[in-house]
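So the structure is just underneath, and the comments pick up after that.
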Amino acid sequence: MALLEIRNLCFGYPQHSVFEDFDFSIFPGETIGLMGPNGAGKTTLLRLIVGLIKPQRGEIIYKNRICREEKDFRFLRREVGLVFQDPDDQLFCPTVAEDIAFGPLNLGVPREKIPGLVKETLDILGLSGFEERVTYRLSGGEKRLVALGTVLAMKPKVLLLDEPTGDLDPRNIERLSKILNKLSAAKVVVSHDLSFLKTIAEKIYWLEDGKLSLYYDVSSYDSSRLISLDRSIFH
Amino acid sequence: MALLEIRNLCFGYPQHSVFEDFDFSIFPGETIGLMGPNGAGKTTLLRLIVGLIKPQRGEIIYKNRICREEKDFRFLRREVGLVFQDPDDQLFCPTVAEDIAFGPLNLGVPREKIPGLVKETLDILGLSGFEERVTYRLSGGEKRLVALGTVLAMKPKVLLLDEPTGDLDPRNIERLSKILNKLSAAKVVVSHDLSFLKTIAEKIYWLEDGKLSLYYDVSSYDSSRLISLDRSIFH
Amino acid sequence: MHISEGVLSAPVLIAGALGTGIGTFIGLKKISVEKVPQIALLSAAFFVASLVHVPLGPSSVHLVLNGLVGILLGLATFPALLVGLFLQALIFQFGGLTTLGVNTFNMAFPGVVVYYLFGPLVRSSRSLIAGVGAFLAGALAILLSGILVAFELTFTGESFKAAAKLILAAHLPVMIIEGIVTVLLVSFLKKVRPEIFGQEV
Amino acid sequence: MKKENSFLKSCDPRVKFVLALLYAIIVAITYNFSLLVLASIFSLICLLLSGLSFFYYLKRLGLVNLFLVFVLITLPFTTPGEEVFKIKFLSASKEGVSLAFLIFFKSNLIILTTTALLSTSSIFELAHALHHLFLPSKLVQLLFFTFRYLHVIEKEFWRLKDAAVVRCFVPRTNLFTYRTMAYLVGSLIVRSYDRSQRVYEAMLCRSFNGTFPVYHHFHLRKKDILFGIFGVTYLVAILILC
Ligand SMILES: Nc1ncnc2c1ncn2[C@@H]1O[C@H](COP(=O)(O)OP(=O)(O)OP(=O)(O)O)[C@@H](O)[C@H]1O
Ligand SMILES: Nc1ncnc2c1ncn2[C@@H]1O[C@H](COP(=O)(O)OP(=O)(O)OP(=O)(O)O)[C@@H](O)[C@H]1O
Ligand SMILES: [Mg+2]
Ligand SMILES: [Mg+2]
């Protein structure tokens, strides 16, 4: 049974429709890649899922609960974490430890458990000992990992990542994909980088004109087909 | 003879050395790609070239003129254009036309020639008719192209681009590489995207630990070597 | 709090415009050309921050932060706030053209006062002293603004006295919150980007 | 982007600004009802010429701020004079009620008219007009930059706020909330500060030498001049007559 499901979703900005009768679902533990041209609505979709913007019609169903009002989404956000495109948007606390503790504190995790949780999260990211570093002065790659950590600390069941490879160099991309592969949460990863998505996702979808089409499926992998697709996006 | 040359450059931020005895040169019309891990100093290098930060030692030589003081760099900046990573930093005027006109007006281009120049620049970018659009309401891809246009309008002899593909989708990247290939200026392009660099650059360098090494050379193209390099960055 | 159009008498409006004019003139002299983007961006940031609603019991108040603006910008506070308030008048109809002088003065003058009184304290390297300085700067700037508004109303006419008292009273809780938020903000900025305080404008 | 579908939208912003200022001053300082009635004729003409919808004005008036409310509810009770009604032991005077009404009337007239005159130009055009009206160029530059980056910074702020919301932040009256707010605003300030340095560098890279070049120039047309003369004459006339 789907963990998170979107049914008949309709959404548009004033004078500009983005989704019409859009359907989507994700199962526990599954990783889905999402590609598509600029302005296709990938970021919009992730923001709709966590209820930062509300659909004009249609349903977002998490664990069989239809989410409509802000209070439904508050429940959903405890278990569905969104990592923003720009880590600077996500990291607003002075130190790494405070930033990672922010989510768990909001969830009501007791204060004495926080330092352990922060340490555990940093260990997963390979950033042990970063607790007291000033977030703002971290390097681009470190910021991205910490941004992921702020969400991981909330132990999400579903992780939504918006272009996590941004300005990362190949080494940092590989590091990120290793971390992501270790996580058991279901994931939706938006990226323009096909080779990165292939290292983490079981299925990659293409979003365009408000429609989703399967672009690559690890279970029915057919290299000749993939190469032709690879090319086609450069024409 | 080199158009722009860097000799024995030494530069460091407080408590952190970036370049030591660094050399680099670019010839008229040449396009150089520059890759390297996060924090290697790619952005720092471009900022050094246009004199936004001054080296602790060493020389930046443009057209045989050694640039040391601000007034030397003023001369250099008339012909060496830097396109920033974030287009919002670069587009500070209200409308597209004003933004593109800003540089030429500073260079003393006569007023009656400006509208023609703006139009010509927009035509090159495939953005004809965008004159009166408000810059902050453009889409991400359009912003990037206009940011490039603001520098192109100054008819630079050397163009420095800092991660121009940012969050662009494959289609926009292709559009950008077509535009760049049409330009006759020498170019230094910083990017993490090897396949993009291959479409525009004759030589691709790898910058790490303050050292530059040749990474890919179109004239001595050897596919087996490239593939092994390609792989190596994923390990 | 922005005074609306059509309330104050002509002498008060003229005095406010004069005060702001002089402050802006001096402030602009202190801003070199390369500082213009910096003042403008900070002014925009404070504009956005002033739209932030901070919960206070069942209701909410919005931040003013003229104390912190004063501490950061010194005399440049006048032009920075003048521009911000002019935009607020055009975009939201808060305040207006005739009250622009008075409203700017009410916010900027306390900012400058606080800059001279507590600037050195806030810039101190000892966090306790900086904290106390920041609280006083944030709170006092609001108190002074409130007193100026009340004074201007009373000067306009005796019958405005009750409104003046009410408005002054409304400033008191804001004062406490501004004090607290200014302390937290100063400690954040000192940790993250101490250079911001290094600049003398 | 410029829709010149009404007289005021195509009118020279310099003329509009001068008229708006003159109008606001005259109405603000008067206590004379008949002058206000004559002034409202001018307002009506502006509203009709503006081409803005009725709802647009309604929204603007809806923003009448807390300040006016404070003044309006106290004035009837604090102005001495003939009693008209009484709430418990507070008695409202006729003079007080009429003063409150006068202020309400003045305030709204000014809001409506300045909206009609100024909202029909973009803020960039107005800033440009101010440049021609002999405001110091540094102040105009400040206005330009502030407005240009207002949107960037506002979006930045909403994204930061979203980041807090996504991590289950719910504002309440407690220190944790105030601290979070301070962090959000602090992040905004730091980022604006750093951006200002990049923007200045971008200007340098485009050979900025201290003076901002002006791209567009306004052209006063006959109808702008006529409108300006009509407006000034009318406003001065009612000021002298009343
Ligand atoms: N706040 C907004 N108001 C109006 N339109 C918006 C807003 N945000 C996005 N849009 C528009 O909605 C469309 C979808 O935007 P979205 O950011 O979701 O695209 P995206 O797929 O994430 O693109 P990218 O690859 O560039 O990140 C775009 O056309 C965009 O211009
Ligand atoms: N203003 C600064 N003050 C101190 N250190 C800095 C400053 N700017 C950059 N650095 C440091 O200098 C090094 C080089 O930074 P630079 O931005 O040039 O790297 P980069 O190669 O452009 O990296 P990326 O691929 O992430 O853009 C980094 O370690 C960075 O942390
Ligand atoms: Mg997006
Ligand atoms: Mg860089």
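Being a predicted model, the structure only gives us computed values, none of them experimental. Chain letters run A, B, ... following the sequence lines, proteins first and then strands; every chain starts at 1.
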Crowding at [atom1], [X] (>12 non-hydrogen neighbours, <6.0 Å):
X        : atom1 : result
C/Phe118 : CZ    : yes
A/Lys54  : NZ    : yes
A/Arg57  : CZ    : no
A/Lys63  : NZ    : yes

Per-residue contact mode, A/Thr135 against chain C (heavy atom under 4.5 angstrom):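 Neither part.
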
Give me the atom names and distance for the closest heavy-atom approach of A/Arg137 to C/Lys191.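 Heavy atoms only, the tightest pair is NH2-O, 3.1 Å.
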
Please name the pair of heavy atoms, one in A/Cys93 and one in C/Phe188, separated by the smallest distance, quoted to 0.1 Å.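 Looks like C-CE1, 4.0 Å.
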
